[in-house]
Amino acid sequence: MSRNRLFGSLCAMVFLANFARVVFAPLVGEFIDEFTIREGTAGLVVTLAWLGSASPRIPTGWVLTRTSRVRVVVVSGAMLTIGALGVALAPDVPALMLAAFVVGSASGVYFVAANPFVSELFPDRVGRVMGIHGMASQLSAVIAAPVVTVTLWYDWRYAFYGLAVAAALTTVLVVVLARRTDLPDAGRGDTDFFGGARSEWRIIVAGVVLVGVTAFVWQGLFNFYELYMIDKGLPPATARNLLTVIFAAGVPAFIVSGEIADRLPNVPYILGIVTAFLVSVVLAVLASGLVAVVLASVLVGFSVHMLFPAGDTYLLGSLPDESRASAYAVYSAGMMTTQAAGSWVVGEAIEAGASYDAVFLVSAAVLAVLVTVYAALNAVGRVPGGAAHV
């Protein structure tokens, strides 16, 4: 029961850490208006939040070979509190960019410490607990657009003041519950960061390319989804609420995907998910009329969010105790760095005159090539890891 309670506090923390990243997407238009910037700069603000999430992951992996997972999670909570206050108080674009980077960094520190920790708390149910943990993260994405809608009646900065208070309280809760919990010692042999990462470089590269490139496309899509739907002719309020539809569709996807990932060979399963996602992107481009757009949005949200628990189960379930945190940190940094540029690339392409339809169709084509290459490599046994845990 004590581990379950600590796990509950970690679910609260991941809710806040992910909210801090995704809340920037429905604020892109607000940033453009308030700070008098264009799409490329607004996209860069979002990219900096995600680059911030990528940047501390390797250093955090090294720190985890020297101290406990819980201490690093607590540090991430403190960083999230400070970063959220920075966004709320930002007077100009440079300050906003810096604060967005700090907020993103807090989430990066959290995920590198917490994901291996969660898998070690419940080693016989890795897929299931990663699915629940991911669902908690996803619930924050569901409420991001409605929270922005409400705060815009007053001031969008209130969303970040609230985030700062919630992060501070949740950090205290994690400290209290961790002191009362019998913690696992599975990661205590992981003391050689570079050696651990080097020994698992094949699965790290495999995961970074497969999950990172897919997430790159997802980043570019969801951070400009509101503006894309407005470009399709939908009213602004409807376009913003479609983000909620996408993220709501992802809530059951985490649970479903986590359960399936415990039962199937992970690589073919992930390739199936990526295929479903690229098809959903094409359908979103081709859709016209509100009903068709909503259905395509549901498919986009459900398919892409199945990827994340499947990817984490693939890595965390395949890595041994003595290198899990080190190798996962390097994978996580590479994957996040790859995906972080998605919104900036899309913003620059749109600013240069490309249409949203063209950008997203090219993205889907890239994913089709990726799936084809990985399927061929997997058929000849060249993709490491990924056996089901049954």
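A quick note: this is a predicted structure, and the numbers were derived from the prediction, not measured.
The salt bridge (Lys or Arg N to Asp or Glu O under 4.0 Å) analysis of residues 201-228, with sequence neighbours excluded, yields the pairs Glu226-Arg240.
Ring centroid separation for the pair Tyr331 and Tyr328 comes in under the 6.0 Å cut-off. Tyr110 has its ring centre no less than 6.0 Å from the ring centre of Phe117.
A distance-only check finds no donor-acceptor pair linking the side chain of Ser343 to the backbone of Asn223 [under 3.5 Å]. With hydrogens and angles disregarded, no donor-acceptor distance shorter than 3.5 Å links the side chain of Ser318 to the backbone of Leu315. Asp262 contributes a side-chain N or O that, together with a main-chain N or O of Arg128, makes up a donor-acceptor pair within less than 3.5 Å. The backbone N or O of Thr244 lies less than 3.5 Å from no partner atom in the side chain of Asn241, so there is not a single donor-acceptor pair. Checking side-chain atoms of Gln138 against main-chain N and O of Phe247 turns up a donor-acceptor pair under 3.5 Å. When atom types are taken as modelled, the side chain of Arg382 and the backbone of Ala376 share no donor-acceptor pair closer than 3.5 angstrom. Between the side chain of Asn266 and the backbone N or O of Ala261 there is at least one donor-acceptor pair closer than 3.5 Å. With Thr65 contributing its side chain and Trp62 its backbone, the two residues share a donor-acceptor pair below 3.5 Å.
Both Val371 and Leu377 are part of a single hydrophobic cluster, where members link through side-chain heavy atoms under 4.5 Å apart. Side-chain heavy atoms closer than 4.5 Å link hydrophobic residues (I, L, V, M, F, W, Y) into clusters, and following such links, even through other members, never connects Val176 to Val165. A continuous path of ILVMFWY side-chain contacts below 4.5 Å connects Leu271 to Leu264, so both sit in one hydrophobic cluster. Val304 is not connected to Leu295 by any chain of hydrophobic side-chain contacts under 4.5 Å among Ile, Leu, Val, Met, Phe, Trp and Tyr, and they are in different clusters. In the hydrophobic clustering of ILVMFWY residues, with side-chain heavy atoms under 4.5 Å counting as a link, Ile255 and Tyr314 come out together.
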Run the numbers on Arg157 and Val87 for side chain to side chain contact (heavy atoms under 4.5 Å, CB included), then give the verdict.
CA-CA 7 Å; Arg157 297 172 189 267; Val87 174; over 6 Å; no
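Among Ile350, Val359, Val285, the single residue meeting the side chain to side chain contact (heavy atoms under 4.5 Å, CB included) criterion with Tyr228 is Val285.
Dense packing is recorded around CZ of Phe122, with more than 12 heavy atoms of other residues, nucleotides or ligands lying under 6.0 Å away. Heavy atoms from other residues, nucleotides or ligands lying under 6.0 Å from CH2 of Trp218 number more than 12.
With values rounded to the nearest 0.5 angstrom, Glu348 atom CD is found 7.5 Å from Thr41 atom OG1.
The aromatic rings of Phe360 and Tyr356 lie parallel to each other, with less than 30° between the two planes, well short of the 60° mark.
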